[in-house]
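Notes follow once the structure below has been shown.
In what follows, chains carry the letters A, B, and so on, assigned in the order in which the sequence lines appear, proteins first and then strands, with residues in each chain numbered from 1.
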Amino acid sequence: MVNTKVKLCGITLTNPIIAASGTFGYGVEFANLYDINCLGSFSFKGTTKEKRDGNPASRIAEGKNGILNSVGLQNPGIDRVIKQVIPVMKKIFHKPIMANVSGFSVEEYVECVKKLNRCPEIGWIEINVSCPNVHGGGMAFGTDPNMIAKVTRAVKKVSKKPIIIKLSPNVTDIVKMAKACEKAGADAISLINTIVGMRIDLKKRAPVLKNKFGGYSGDAIFPIALRMVYQVAHAVKIPVIGMGGISTAEDVIEMMLAGATAVEIGSANLVDPYVCPKIIKDLPKVMKQYKINSLDKIIGGCQ
Amino acid sequence: MHSMKEVVFKIKENKLIAKDVYRLVLLGDSKDITRPGTFVSLKIDNYYLRRPISVCDVNNNQLTLIYKVMGKGTNALTKMKQKINVLTNLGNGYDLKEAGKVNLLVGGGVGVPPLYYLAKALLKKKKKVIVVLGFNKKEEIFYVNEFKRLGVKVYVTTVDGSVGLKGFVTDAIKQIKFDQLFTCGPMPMLKAIHALKIKHAQYSLEERMGCGFGVCLGCTIQTKLGPSRVCTDGPVYKEEEIIW
Ligand SMILES: Cc1cc2nc3c(=O)[nH]c(=O)nc-3n(C[C@H](O)[C@H](O)[C@H](O)COP(=O)(O)OP(=O)(O)OC[C@H]3O[C@@H](n4cnc5c(N)ncnc54)[C@H](O)[C@@H]3O)c2cc1C
Ligand SMILES: Cc1cc2nc3c(=O)[nH]c(=O)nc-3n(C[C@H](O)[C@H](O)[C@H](O)COP(=O)(O)O)c2cc1C
Ligand code: FES
C-alpha cells in the first residue's frame with residue numbers, strides 16, 4: 001500500500017489533488033458525474049465582495065494545447081455564495097473546501113475573509129491576487145511586492161483559516177513575490193494563475209476575445225508552471241501548491257518533485273471531466289513505477 | 001437534471017454532403033439523448049478544446065451530426081475515421097411544451113441540423129410542422145429531401161436565387177401562418193427574424209465554449225433573466241429572454 005496523504009497547513013488531504021478555481025464551478029456539475037469526495041479538495045470559483053457579471057462574450061479562445069479565458073470573475077458575490085452555495089457544496093463534499101477570493105481593494109479582501117471565518121466547511125482561503133482579467137484591481141496586487149504584502153498582512157490579521165496567496169506568473173521575478181507573501185505571514189503559496197495572452201481572428205482581423213487579452217492555461221503552460229514552482233519552493237519555507245497544465249499522475253509527481261506539497265488541476269477538467277478521478281486512480285500505480293512509497297516524502301525531491 | 005455522458009463512438013460515416021458540409025454518423029451509447037436542440041462536444045485529435053455540435057438525429061445507438069468546416073478543428077474532424085470521444089446530452093433543447101398547432105422551423109446554413117430531430121419529435125407528438133431552410137447558394141444546400149421524406153412542407157430560400165425562393169428566410173416566413181417558431185442559424189438571421197416581431201419564438205444561440213457543461217463560465221451571455229450560460233441554461237432561448 002502506497003501513501004498518498006499530504007498535509008496542507010495542518011489539514012490532512014487523502015491525496016494532493018485539488019480541483020482549481022474557475023474550472024470546477026461549485027462542484028455541482030462534477031458531483032453528477034462522479035463522487036467528488038475522491039478529491040483531496042477543490043477550490044471554488046473566484047468570489048468577490050459584490051456580484052460580478054464578468055466580461056462580455058466572447059470569453060474563450062484556443063491555443064495550441066491550451067485555452068485562453070477572459071471570464072472576468074463572474075460570481076454571485078460573497079453573501080450569496082455563503083448563504084446559497086456553501087449549503088449545496090456541503091451536501092456533495094464532506095471534506096474541507098478551499099475558498100477562492102478576489103478583490104479590487106484591500107478592504108474587499110478583508111471583508112470576504114471575515115465572512116468566510118464563520119463557515120466551518122471552509123478549510124483554507126486562497127487569495128487570488130493574480131487574475132489578469134480585471135483592469136486596475138487584481139493585476140496590480142499580484143505584480144507589486146508591496147501591494148501583495150499589504151493584502152497578505154491585512155487578510156492574515158483577520159483570518160481564522162490558513163491563508164494561501166495565489167500568485168500571478170505575469171511578473172519578472174516570481175521569487176520576489178513569494179518572499180513578500182511569506183514575510184507578510186502567508187500560510188502557503190499557490191501558483192501559477194493564467195499567463196496573459198491573446199488570439200486574433202484572421203477573417204475578422206480582430207481579437208478573438210472581446211476583452212482582447214485573456215489568461216492562457218492548460219497543458220501548454222506546464223513547463224513554465226513547473227519552473228516557477230521550483231524557484232518559489234526553493235526560496236520559501238511555507239508550503240507551495242503547484243498548478244498549471246497538470247493532466248496526469250506523472251505531472252503530479254513531477255510538480256511535487258519540484259517542491260509542491262499539493263497540486264491543483266484546472267483546465268484539464270474542462271476538456272476531460274473525469275481527469276481528476278483518473279489521476280487519483282493512476283497515482284498509486286505510477287508511484288510504484290517510480291518506487292515511491294509515500295508521496296509526502298518526494299516533495300522537493302528533485303536533486 | 002439531465003446529466004452528460006462521455007462516450008467513445010465508432011465512426012460509421014464522415015462524408016461530404018454539400019460544399020464544406022459533412023455528415024458524421026456515430027455508433028455508440030446514445031440512449032440518453034432524447035431532447036431536440038441539445039448538443040454534444042467532440043474531442044478532435046490534436047485540438048485542446050472540444051467542438052460543440054448540435055444533435056441532428058438519434059436513432060437507437062446511432063447519432064447523426066452535421067458540421068461545416070469553419071476552421072482548423074472542423075477541418076481536422078473531416079480526417080477522423082475510426083473513433084471519437086464525445087460528451088453527450090449537453091444543454092437544454094427546444095421547449096416542446098410550447099409547441100402550437102402549426103410549428104414553423106427555420107434553419108440557416110449549419111443551423112439546419114438540429115431542426116431535423118426537432119421536426120421528428122414534433123411529428124411524433126402529432127403536431128403540424130412547416131420548414132424553411134435558408135442557404136446562400138445551390139452548392140450549400142443539404143437535407144431538403146430528408147425533411148421532405150418526413151412528409152412536411154419545405155420552403156427553400158437562397159440568397160442568389162439558384163434554388164427556391166430568392167432572398168432570405170424572412171421572405172418565406174412572412175408568407176406563412178403559424179403558432180410557434182423554432183430557429184437556429186447565424187446571428188444576422190436570428191436578428192432578422194426577431195425584427196418580424198413574432199411573439200412565440202425559440203432561438204438557438206452559439207457562443208465559444210470552454211467546457212460545454214456549465215463549470216467555466218466561458219459561454220456566459222447577458223439575458224433579460226441575468227447572466228446565462230449558453231451551454232447549460234441555453235443554447236435555446238425564448239424571444240422575450242434575449243437582449244437583442
Ligand atoms: C450549441 C452549439 C451547437 C452547434 N452546432 C453546430 C452544428 O450542428 N453544425 C455546425 O457545423 N456547427 C455547429 N456549431 C458551431 C461549431 O461549434 C463551430 O463552427 C466550430 O466549433 C468551429 O471549430 P473550428 O475548429 O473549425 O474553428 P476555429 O475557429 O479554429 O475554432 C477555434 C475555437 O473557437 C470555437 N468556435 C469557433 N466558431 C464557433 C462558433 N460558431 N460557435 C462556438 N464556438 C466556435 C471553436 O469551438 C474552438 O474552440 C455549434 C455551436 C454551438 C455553440
Ligand atoms: C475558465 C477559467 C477560469 C478561471 N477562474 C479563476 C478564478 O476565478 N480564480 C482563480 O484564482 N483562478 C482562476 N483560474 C485559473 C486556474 O485556477 C489555474 O490557476 C490556471 O488555469 C492554471 O492551471 P491549469 O493550467 O491547470 O488550468 C481560471 C482558469 C480558467 C481556465
Ligand atoms: S462553456 Fe463552460 S460554462 Fe458554458
Side-chain angles (χ1 to χ4, degrees), chain A residues 19 21-34 42 44-46 51-76 199 201-203 208-210 214 216-220 245 247 266-275, chain B residues 1-8 32 40-52 69-74 76 85-91 187 205-235 242-243:
Chain A
S21 177
T23 62
F24 209 73
Y26 300 105
V28 179
E29 289 79 8
F30 288 94
N32 281 322
L33 298 179
Y34 62 88
F42 73 92
F44 63 61
K45 176 65 193 171
K51 161 186 191 295
R52 285 179 55 83
D53 289 349
N55 292 321
S58 302
R59 298 174 173 192
I60 298 289
E62 189 180 47
K64 289 202 176 81
N65 283 313
I67 168 176
L68 289 105
N69 89 84
S70 59
V71 169
L73 292 173
Q74 183 190 336
N75 80 93
R199 293 304 305 268
D201 184 319
L202 299 188
K203 279 180 217 150
V208 172
L209 299 169
K210 189 68 184 262
Y216 194 31
S217 57
D219 293 2
S247 67
S267 309
N269 288 300
L270 308 179
V271 290
D272 177 3
Y274 292 97
V275 70
Chain B
M1 185 71 211
H2 307 280
S3 206
M4 67 160 165
K5 199 181 235 173
E6 184 187 32
V7 183
V8 178
D32 292 347
V40 301
S41 67
L42 310 176
K43 179 80 191 120
I44 299 171
D45 294 343
N46 302 319
Y47 287 83
Y48 193 75
L49 295 177
R50 289 169 180 272
R51 268 39 177 187
V69 174
M70 295 299 288
K72 287 184 181 167
T74 43
N85 180 305
V86 185
L87 294 180
T88 68
N89 208 14
L90 303 174
M187 204 53 192
L205 305 186
E206 280 183 3
E207 199 41 72
R208 282 171 190 257
M209 295 182 175
C211 65
F213 53 92
V215 300
C216 76
L217 307 182
C219 64
T220 305
I221 56 163
Q222 278 301 331
T223 68
K224 298 218 172 113
L225 309 172
S228 177
R229 295 165 301 180
V230 171
C231 70
T232 29
D233 306 315
I242 300 171
I243 298 172

Could you tell me which non-hydrogen atom of Leu87(B) sits nearest to which non-hydrogen atom of Pro273(A), and how far apart they are? CD2-CG, 3.8 Å
Side chain to side chain contact (heavy atoms under 4.5 Å, CB included) for Val215(B) and Thr23(A)? Distances and angles first, verdict last. CA-CA 6 Å; Val215(B) 300; Thr23(A) 62; 5.8 Å; no
Non-hydrogen atoms of Gly218(B) and Arg59(A) that approach each other most closely: O-CB, 3.3 Å
Does atom NZ of Lys224(B) have more than 12 heavy-atom neighbours from other groups under 6.0 Å away? yes
To the nearest 0.5 angstrom, please state how far the CZ atom of Arg50(B) sits from the CG atom of Asp272(A). 7.0 Å
Interatomic distance, CD1@Ile67(A) vs CZ@Arg208(B), rounded to 0.5 Å, equals 11.5 Å
Nearest 0.5 Å, please: how far is OH in Tyr48(B) from CG in Asp219(A)? 4.5 Å
Distance col, row Asn69(A):CG vs Cys211(B):SG, nearest 0.5 angstrom, shows 11.0 Å
If you count heavy-atom pairs within less than 4.5 Å of chain B, which of Gly66(A), Gly22(A), Ser58(A), Pro56(A) leads? Gly66(A)
So which heavy atom on Ile221(B) is nearest to which on Ala57(A), and how close? CG2-CB, 4.5 Å
Within a reach of under 6.0 Å around NZ of Lys5(B), are more than 12 heavy atoms found that belong to other residues, nucleotides or ligands? yes
Can you measure from SG (Cys216(B)) to CG (Asn269(A)) and round to the nearest 0.5 angstrom? 11.0 Å
Answer with side chain, backbone, both or neither: which region of Tyr26(A) has an atom nearer than 4.5 Å to a non-hydrogen atom of chain B? neither
What pair of heavy atoms forms the shortest contact from Met70(B) to Lys203(A), and how long is it? O-NZ, 3.2 Å
With a 4.5 angstrom heavy-atom cut-off, could you sort out which part of Met4(B) is near chain A: side chain, backbone, both or neither? both
Ion pair Arg229(B)/Glu29(A), N-O distance below 4.0 Å: yes
Approximate separation, where rounding is to 0.5 Å, of Leu33(A) CG and Ser3(B) OG: 5.0 Å
Interface moiety of Ala220(A) toward chain B, non-hydrogen atoms closer than 4.5 Å: neither
Exercise: identify the closest heavy-atom pair between Glu62(A) and Leu49(B): OE2-N, 2.8 Å
